[in-house]
Amino acid sequence: MTIRVVIADDQTLVRTGLRMILDNSGDIDVVGEARDGAEAVRMVADLDPDVVLMDIRMPEMDGVEATTAIAAAHRARVLVLTTFDLDEYVYAALQAGASGFLLKDALAPDLISGVRVVASGEATLAPTVTRRLLDRVVTGLPAPSPDARLALLTGREHEVLEQLARGLSNAEIAGLLYLSQGTVKTHVGRILTKLGLRDRVQAVVFAYESGMISR
């Protein structure tokens with residue numbers, strides 16, 4: 001199945017380079033290029049892509065605003081392009097509904113893999129990388145507030161969510177809680193459904209914001 005992608009970046013050379021990499025993947029088709037967030041939102045509405053490769057800092061409408069609009073109204077998943085010195089913007093994008101992030105200097109195979117993973121409905125990067133990013137920005141976030149949705153989870157689901165938010169992979173959670181990887185995957189799916197979250201990256205954000213994980 002071909003993965004349809006829209007690239008949103010205000011630099012023409014960056015868009016061209018990304019297109020060349022993705023178009024040579026064999027299973028990814030770049031269906032549109034947007035110069036800013038507003039144009040990206042319009043393209044998503046018109047083209048219904050599977051994934052949007054989204055820059056953060058753009059004129060007219062930045063990547064965070066565009067991600068918010070896309071996540072609220074469309075099925076497309078957003079993969080944020082960033083550098084580590086813009087961590088606070090990445091966290092805002094994850095809150096807005098992005099499914100993950102990549103560094104702008106990522107290697108071509110990592111970019112292709114990231115698009116494929118997001119298109120499949122999973123988080124872009126390993127949970128440990130997501131945790132490391134969040135650890136760098138949580139000190140500047142508002143104080144956590146209890147979320148009533150936590151009461152929807154069973155005791156086991158609560159345990160799985162806590163370990164997921166601490167950066168453990170499904171295999172690591174399985175070993176820690178003496179479960180099979182398939183059982184952990186089932187628990188993660190139920191957690192996302194009960195909490196109304198898109199993917200495990202959003203689950204990590206939820207865990208921090210609800211105070212489940214100490215900052």
Side-chain angles (χ1 to χ4, degrees), residues 3 50-52 54 64 67-80 82 87-102 113-215:
I3 301 169
D50 301 300
V51 176
V52 181
M54 183 78 74
V64 176
T67 297
T68 300
I70 291 169
H74 303 284
R75 70 176 187 86
R77 292 181 174 269
V78 176
L79 174 54
V80 173
T82 185
D87 284 348
E88 67 276 16
Y89 293 96
V90 175
Y91 191 88
L94 294 177
Q95 287 179 303
S99 293
F101 57 91
L102 284 177
S113 176
V115 170
R116 288 171 177 161
V117 170
V118 167
S120 73
E122 299 293 332
T124 314
L125 295 181
T128 51
V129 179
T130 301
R131 169 71 191 281
R132 189 162 66 246
L133 173 76
L134 294 176
D135 279 346
R136 295 184 56 175
V137 299
V138 291
T139 54
L141 296 174
S145 57
D147 194 307
R149 287 177 292 173
L150 281 173
L152 299 173
L153 304 181
T154 65
R156 181 61 87 184
E157 289 165 353
H158 195 283
E159 291 177 331
V160 170
L161 176 58
E162 182 176 355
Q163 298 310 319
L164 185 158
R166 292 187 185 281
L168 273 65
S169 67
N170 283 1
E172 291 169 331
I173 295 172
L176 182 68
L177 300 180
Y178 302 101
L179 302 170
S180 70
Q181 289 190 50
T183 298
V184 172
K185 184 176 181 180
T186 298
H187 282 311
V188 172
R190 289 174 178 167
I191 289 167
L192 298 181
T193 298
K194 288 183 178 181
L195 300 181
L197 304 174
R198 291 167 67 92
D199 51 44
R200 65 190 300 140
V201 174
Q202 294 295 301
V204 174
V205 173
F206 174 89
Y208 272 93
E209 293 183 331
S210 65
M212 232 182 121
I213 300 299
S214 174
R215 298 176 184 179

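For the atom pair CZ of Arg77 and OG of Ser120, the computed distance is 8.0 Å after rounding to the nearest 0.5 Å. The distance from the CG atom of Leu152 to the CZ atom of Arg190 is 14.0 Å, given to the nearest 0.5 Å. Rounded to the nearest 0.5 angstrom, Leu177 CG and Thr183 OG1 are separated by 11.0 Å. Between atom NE2 of residue His187 and atom CD1 of residue Ile173 there is a gap of 10.5 Å, rounded to the nearest 0.5 Å.
The backbone N or O of Gln202 lies less than 3.5 Å from a partner atom in the side chain of Asp199, making a donor-acceptor pair.
Minimum interatomic distance between Val115 and Val51 (heavy atoms only, all atoms of both residues): O-CG2, 3.9 Å. Ala203 approaches Leu197 most closely through the heavy-atom pair CA-CD1, 3.6 Å. The two residues Leu153 and Leu161 have their closest heavy-atom pair at CD1-CD2, 3.8 Å. Across Ala76 and Val52, no two heavy atoms sit closer than the pair CB-CG2, 4.1 Å. Here the shortest heavy-atom pairing between Asn170 and Gln181 reads O-CG, 4.4 Å. Contact record, Ala96 with Ala71: O-CB, 3.4 Å, taken as the closest heavy-atom pair.
Electrostatic pairing of Glu157 and Lys194 counts as a salt bridge here, judged by a charged N lying under 4.0 Å from a carboxylate O.
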Working for side chain to side chain contact (heavy atoms under 4.5 Å, CB included), residues His158 and Ile191: CA-CA 8 Å; His158 195 283; Ile191 289 167; over 6 Å; no

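Scored by the side-chain contact (heavy atoms from CB on, under 4.5 Å) test, Leu176 finds Gln163, Leu168 as partners (sequence neighbours excluded). Arg149 pairs by the salt bridge (Lys or Arg N to Asp or Glu O under 4.0 Å) definition with Asp147, not counting sequence neighbours.
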